[in-house]
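Quick note on labels: first sequence line is chain A, next is B, and so on, each numbered from 1.
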There are 2 protein chains.
Amino acid sequence: MKKKRPSLKDIADALNISTTTVSFVLNGKGEEKKISKELIAKVEAHLKEINYKPNLVARSLRTGSTRVLVFMVEDISNSHFSKVGRIIEDISYKNDYRVLFCSTENDVKRTQDLIHLFHERQVDGFIIVPPPGIEKEISYLLENEVPVVLFDRKIPDLEADYVIINNFEGAKQSTQHLIDSGYKNIAFITIDLDQIQMHDREAGYIAALEESGFSPNILKIPYDTSNIPSSREKIKKFIEKNKDIDAIFFATNYLSQSGLKCIHQIDAKLINKLGIISFDDSNFFEMYSPTVSAFAQPVDEMANQLMKIMLSKLKNKEQGVPSKVVLDGTLVTRESSLKK
Amino acid sequence: MKKKRPSLKDIADALNISTTTVSFVLNGKGEEKKISKELIAKVEAHLKEINYKPNLVARSLRTGSTRVLVFMVEDISNSHFSKVGRIIEDISYKNDYRVLFCSTENDVKRTQDLIHLFHERQVDGFIIVPPPGIEKEISYLLENEVPVVLFDRKIPDLEADYVIINNFEGAKQSTQHLIDSGYKNIAFITIDLDQIQMHDREAGYIAALEESGFSPNILKIPYDTSNIPSSREKIKKFIEKNKDIDAIFFATNYLSQSGLKCIHQIDAKLINKLGIISFDDSNFFEMYSPTVSAFAQPVDEMANQLMKIMLSKLKNKEQGVPSKVVLDGTLVTRESSLKK
DNA sequence: CTGAAAGCGCTAACAT
DNA sequence: ATGTTAGCGCTTTCAG
């Protein structure tokens with residue numbers, strides 16, 4: 001049963017009217033264009049009957065807009081990002097945009113490919129968690145007046161809109177919380193990545209310790225191995241070597257998960273002696289035993305701000321001064337950071 | 001700096017040649033079309049210089065192909081699906097296709113929207129984990145000769161290609177493993193969903209028990225609440241009520257994760273007394289304490305078969321008899337299913 | 001109130 | 001060896 005997809009023209013021919021009329025009805029402009037009630041009804045009935053689906057590729061070529069946005073994050077399966085994504089999707093939908101999700105894995109090459117892929121396919125806007133080294137592609141988009149909003153981290157020296165949180169304050173508060181709980185020897189396990197949000201978290205950690213007269217103890221793991229055995233080895237060795245540590249502050253939620261596993265491997269009882277807190281929350285933390293404290297980012301607000309900026313850029317092609325939004329997070333205290 | 005995106009025509013004009021020539025060079029058909037080396041070099045140099053990006057929307061409209069595939073699964077963040085997705089992406093890339101990922105959440109409405117969204121945008125093929133009730137949309141795609149391959153589950157009475165695993169055998173083997181480990185009172189916790197793969201898993205469980213003369217003990221959780229507190233309550237009550245249970249077989253990896261949390265809440269020591277096995281593996285199971293046994297699906301092979309079928313459908317528009325592939329999984333035994 | 005027709009950027013059959 | 005040109009399916013201006 002060979003069914004050539006029906007086109008607007010086919011419909012017009014079948015009804016003996018012009019494609020213009022069909023197009024107007026299709027786009028709900030019937031009233032506006034003063035097409036008679038009867039004709040509108042007739043066309044709509046026919047559209048329904050043959051279950052007509054317009055060819056949006058043709059429409060996009062004509063209108064110059066795909067009504068598609070792209071949401072590119074480090075890892076869409078990370079609950080922090082997927083929660084933001086979900087809200088973005090809702091807001092977009094209400095504004096007649098669809099959103100495509102993808103993971104950069106913090107890999108420049110992959111991110112470049114994705115940006116080109118979507119830009120060539122004419123998506124209308126990008127919301128991006130930029131991996132290190134992606135400045136050039138972002139600038140390229142900006143020069144071509146493609147709406148771009150960064151989040152989670154900014155790119156220094158780039159005049160782009162962004163929504164981030166105050167990483168320094170968050171890290172400082174988290175560290176302070178451990179200090180307040182009575183921990184005295186707090187280690188910081190982070191990713192060895194030259195990104196501003198990581199630097200800020202480290203600085204916040206150090207600042208809190210210094211105020212209380214404690215000294216920092218930092219382990220940096222290479223990013224590319226953060227999910228595989230070798231990084232776990234590093235964490236394991238670090239913990240075994242530093243017997244005096246009584247608490248650990250992990251710089252990201254996935255580091256915490258790796259770390260928790262290491263701690264368990266070293267000694268099943270160890271987890272109950274150590275104070276633990278994680279930057280970024282995770283569903284997993286509520287399931288773990290003990291439940292894990294975290295510094296949570298304001299997911300709803302981030303998504304709302306992101307879309308507010310994006311929609312305004314989509315509306316006014318002329319872009320004024322970039323919006324630079326810095327939000328505050330919230331400390332979520334659970335069992336892992338109580339004094340043992 | 002208003003930069004109108006350059007078109008093929010702009011380039012042709014700039015170089016004083018025709019768009020045909022530029023198009024041929026752009027598509028690497030220069031040699032084939034016997035365009036002189038010098039001209040090819042000149043055009044390529046210019047393309048590079050202005051960093052030309054073709055408008056793929058226009059190309060797609062013209063060629064009728066977007067070279068985009070869609071991979072729709074229940075939840076792309078579930079490691080079972082994301083692993084398959086990763087391989088699919090690799091194979092697609094090598095064949096010059098890009099793939100878009102999305103989650104159906106097993107929701108018909110959402111899946112319908114996604115199918116329409118992508119079909120209207122003319123994607124070239126769909127790889128789908130079909131939620132219950134999606135038959136009509138799948139048939140629609142089939143009738144319109146859009147390549148579709150189902151996986152993880154088939155739709156009874158629908159003549160579609162699919163790649164699934166032998167759920168009955170897998171469940172039977174898993175149950176048998178618990179029996180072999182000495183457990184005598186094995187419960188089965190599953191999702192109350194009228195889907196064939198769930199029925200098969202249940203049947204496999206029952207078959208194994210019957211062969212050994214044990215009797216089944218099944219809890220069915222409504223799907224829509226599987227991730228939220230109420231389902232955990234159900235699991236909790238079930239476990240508390242059935243004190244004699246010495247092992248539990250969870251029908252999916254996310255059920256296992258919920259279940260593990262419940263078990264922990266009831267009694268932190270309980271997990272060490274109960275035998276646990278999960279259908280579908282998860283990264284989480286290696287991290288948990290104890291590590292969790294699982295019946296793992298053959299991820300690589302599934303992805304390869306899926307793409308083999310998809311690529312052949314993409315090549316030969318005429319579709320013959322649907323390919324129906326049923327694979328075997330592997331039992332991965334870890335700490336949780338050893339005799340305690 | 002409705003229709004004719006131009007054109008979005010690209011490809012490829014057909015000319016030359 | 002390179003150019004001319006007709007569309008792909010749709011929107012929208014302008015005419016009637």
[X] has an atom [atom1]; how far is it from atom [atom2] of [N], in whole Å?
X	N	atom1	atom2	result
Leu26(A)	dT11(D)	CG	P	6 Å
Lys9(A)	dT12(D)	NZ	P	20 Å
Lys29(A)	dC1(C)	NZ	P	19 Å
Phe24(A)	dA5(C)	CZ	C1'	13 Å
Asn27(A)	dT13(D)	CG	P	13 Å
Leu8(B)	dG7(C)	CG	C1'	16 Å
Glu32(B)	dT11(C)	CD	P	14 Å
Glu120(A)	dC10(C)	CD	P	10 Å

Go through the steps to decide whether Asp161(A) and Val148(A) satisfy the test side-chain contact (heavy atoms from CB on, under 4.5 Å), and finish with yes or no. CA-CA 7 Å; Asp161(A) 302 63; Val148(A) 178; over 6 Å; no
Remember a base hit wins even if backbone is also touched, and classify Thr21(A) as base, sugar-phosphate or nothing at under 4.0 Å, heavy atoms.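 Result for Thr21(A) = sugar-phosphate.
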Presence of Ser18(A) side-chain N/O under 4.0 Å of dT2(C) phosphate oxygens OP1/OP2: no
Between Ser7(B) and dG9(C), is there a side-chain N or O to OP1/OP2 distance below 4.0 Å? no
Can you list the steps and then say if Phe126(B) with His119(B) is a ring pair (Phe, Tyr, Trp, His ring centres under 6.0 Å)? CA-CA 9 Å; Phe126(B) 289 84; His119(B) 180 231; 7.1 Å; no
Ser23(B) and Thr20(B): side-chain donor and acceptor closer than 3.5 Å?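 Distance-only check fails for Ser23(B) and Thr20(B).
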Answer yes if the side chains of Asn106(B) and Thr104(B) hold a donor-acceptor pair under 3.5 Å, and no otherwise.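 Thr104(B) and Asn106(B) do not have a side-chain donor-acceptor pair below 3.5 Å.
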side-chain contact (heavy atoms from CB on, under 4.5 Å) between Phe118(A) and Leu100(A), intermediate numbers included: CA-CA 10 Å; Phe118(A) 290 118; Leu100(A) 263 20; 3.7 Å; yes
Aromatic Tyr93(A) / basic Arg98(A) pairing, under 6.0 angstrom, 45° off normal: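 Yes, cation above the ring, under 6.0 Å and within 45°.
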In residues 35-56 of chain A, which ones come under 4.0 Å of DNA chain C, going by heavy atoms?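 Hits under 4.0 Å, by residue number: Ile35(A), Ser36(A), Leu39(A).
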Quick check on contacts: within residues 57-65 of chain B, what sits under 4.0 Å from DNA chain D by heavy-atom distance?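 Heavy-atom cutoff 4.0 Å gives Leu61(B), Arg62(B).
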Run the side-chain contact (heavy atoms from CB on, under 4.5 Å) test against Glu135(A) and tell me which residues pass, sequence neighbours left out.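 For Glu135(A), the residues satisfying side-chain contact (heavy atoms from CB on, under 4.5 Å) (neighbours in sequence not counted) are Ile155(A).
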Between the side-chain atoms of Thr20(A) and the base atoms of dA4(C), is any donor-acceptor pair under 3.5 Å?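 Yes.
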When the ring planes of His80(B) and Phe151(B) are compared, do they come out parallel, tilted or perpendicular, using 30° and 60° as the limits?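 Correct class here is tilted.
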Let me see the working for Glu159(A) and Lys324(A) under salt bridge (Lys or Arg N to Asp or Glu O under 4.0 Å), right down to the final yes or no. CA-CA 9 Å; Glu159(A) 276 303 303; Lys324(A) 304 183 176 197; 3.2 Å; yes
